[in-house]
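What follows is a single structure, written as structure tokens, with notes after it.
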Amino acid sequence: MPHTAPHPTAPESASDHELALRAARGDAAAFERIMRRHNQLLFRTARSILKSDDDAEDALQDAYLGAWRAIGSFRDDAQLATWLSRIVINESLGRLRRRSAQVIPLDTAIGADDGDAPWMADDPGERPEGLAMRDEIRRLMEARIDRLPDSYRTVFMLRAVQELSVTETAAMLQLAEATVRTRFFRARSLLREGLSRDLDVALGDAFSFDGARCDRIVAHVLAELGAAGHPPPTDPTPRGD
């Protein structure tokens with residue numbers, strides 16, 4: 001475990017290996033830069049396993065503490081992101097075990113079905129309706145990702161959300177590249193199927209017209225007609241010729 005001590009600040013362009021060496025010598029500022037550089041990837045990795053923002057944040061904090069204590073064991077022939085990811089994955093899986101949840105090992109192929117949901121073109125409009133629709137689609141997508149089988153979900157998070165390559169994902173999860181490709185393909189298929197069903201339901205309720213909106217429009221039109229000297233008929237039932 002390194003002992004914190006004053007060190008010259010590492011330049012922005014410092015490599016992961018240089019930052020790791022500095023951190024191993026007790027440079028807390030270098031370790032802070034490591035955390036900020038890899039936070040998004042590692043949070044998404046933990047989130048894909050724990051399916052909870054709060055749990056993922058807690059797991060990531062504990063994983064960083066473990067990484068700080070073990071940073072001296074990091075080897076130059078490895079990728080720092082991969083090394084950190086393994087610590088985060090182990091911490092996240094350990095939390096699942098401790099709360100007695102059913103854990104499907106990430107390195108075990110499974111044929112389970114579950115999940116659902118596709119890519120949707122982002123609405124470029126900035127009107128409130130468009131923003132609300134995008135927000136709803138995002139919630140549907142996140143919910144469907146959470147419902148993917150465990151081994152598919154983490155592969156999907158790293159490949160699609162974090163946009164890592166097949167090689168990077170395989171290294172982080174200690175899987176064969178062919179397995180990563182297969183799981184990613186299956187995850188996308190499950191997501192498309194499920195999100196298509198969700199969107200069918202959501203679109204049926206979108207921009208609903210009944211209720212207050214309907215009453216408001218009718219009342220406004222009737223008021224305009226009355227003001228123009230054309231009171232509405234007492235019998236609103238349409239009459240034939």
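Fair warning: this is a prediction, and the values are worked out from it, not measured in the lab. Along the sequence shown, the residues carry numbers beginning at 1.
Every residue two or more places apart in sequence or in another chain was checked for a side chain to side chain donor-acceptor pair (under 3.5 Å) with Arg159, and none qualifies. Shown here are the side chain to side chain donor-acceptor pair (under 3.5 Å) partners of Gln61, two or more places apart in sequence or in another chain: there are none. For Asp53, the salt bridge (charged side-chain N to carboxylate O under 4.0 Å, His left out) test picks out Arg47, with sequence neighbours left out. Applying the salt bridge (charged side-chain N to carboxylate O under 4.0 Å, His left out) test to Arg36 and every residue at least two apart in sequence or in another chain returns Glu32. Scored by the side chain to side chain donor-acceptor pair (under 3.5 Å) test, Ser165 finds Glu168 as partners (sequence neighbours excluded). A search for ring-ring contact (aromatic ring centres under 6.0 Å, His included) contacts involving Phe43 returns nothing, not counting sequence neighbours.
Contact check for Ile49 versus Asp150: no side-chain heavy atoms found under the 4.5 Å cut-off. When side chains are defined from C-beta on, Arg147 does not count as touching Lys51, because their heavy atoms never get closer than 4.5 Å. A heavy-atom distance below 4.5 Å is found between the side chains of Leu41 and Leu164.
Across Ala59 and Ser92, no two heavy atoms sit closer than the pair CB-OG, 4.0 Å. The minimum heavy-atom distance between Tyr64 and Phe31, with the atom names listed, is O-CZ, 3.4 Å. Taking all atoms of both residues into account, the shortest heavy-atom contact from Arg183 to Leu175 is NH1-CD1, 3.8 Å. Among all heavy-atom pairs drawn from Ala67 and Leu84, the shortest one is CB-CD2, 3.7 Å. Ser73 and Arg75 make their closest contact through O-NH1, 3.2 Å (heavy atoms, listed as atom of the first residue, atom of the second, distance). Among all heavy-atom pairs drawn from His38 and Asp16, the shortest one is NE2-OD2, 3.0 Å.
In this structure, Thr182 OG1 and Glu177 CD are separated by 11.5 Å, a value rounded to the nearest 0.5 Å. Taking CG of Leu60 as the reference point, atom CD of Glu91 lies at 9.5 Å (rounded to 0.5 Å). Separating the CZ atom in Arg186 from the CG atom in Leu148 is a distance of 10.0 Å, to the nearest 0.5 Å. For the atom pair OG of Ser85 and CE of Met172, the computed distance is 3.5 Å after rounding to the nearest 0.5 Å. Within the model, atoms CD1 of Ile71 and CH2 of Trp83 stand 4.0 Å from one another, a figure rounded to the nearest 0.5 Å. How far NE2 of His17 is from CD of Gln79: 5.5 Å, rounded to the nearest 0.5 Å.
Using a cutoff of 4.0 Å between basic side-chain nitrogens and carboxylate oxygens, Arg95 and Asp55 are not scored as salt-bridged.
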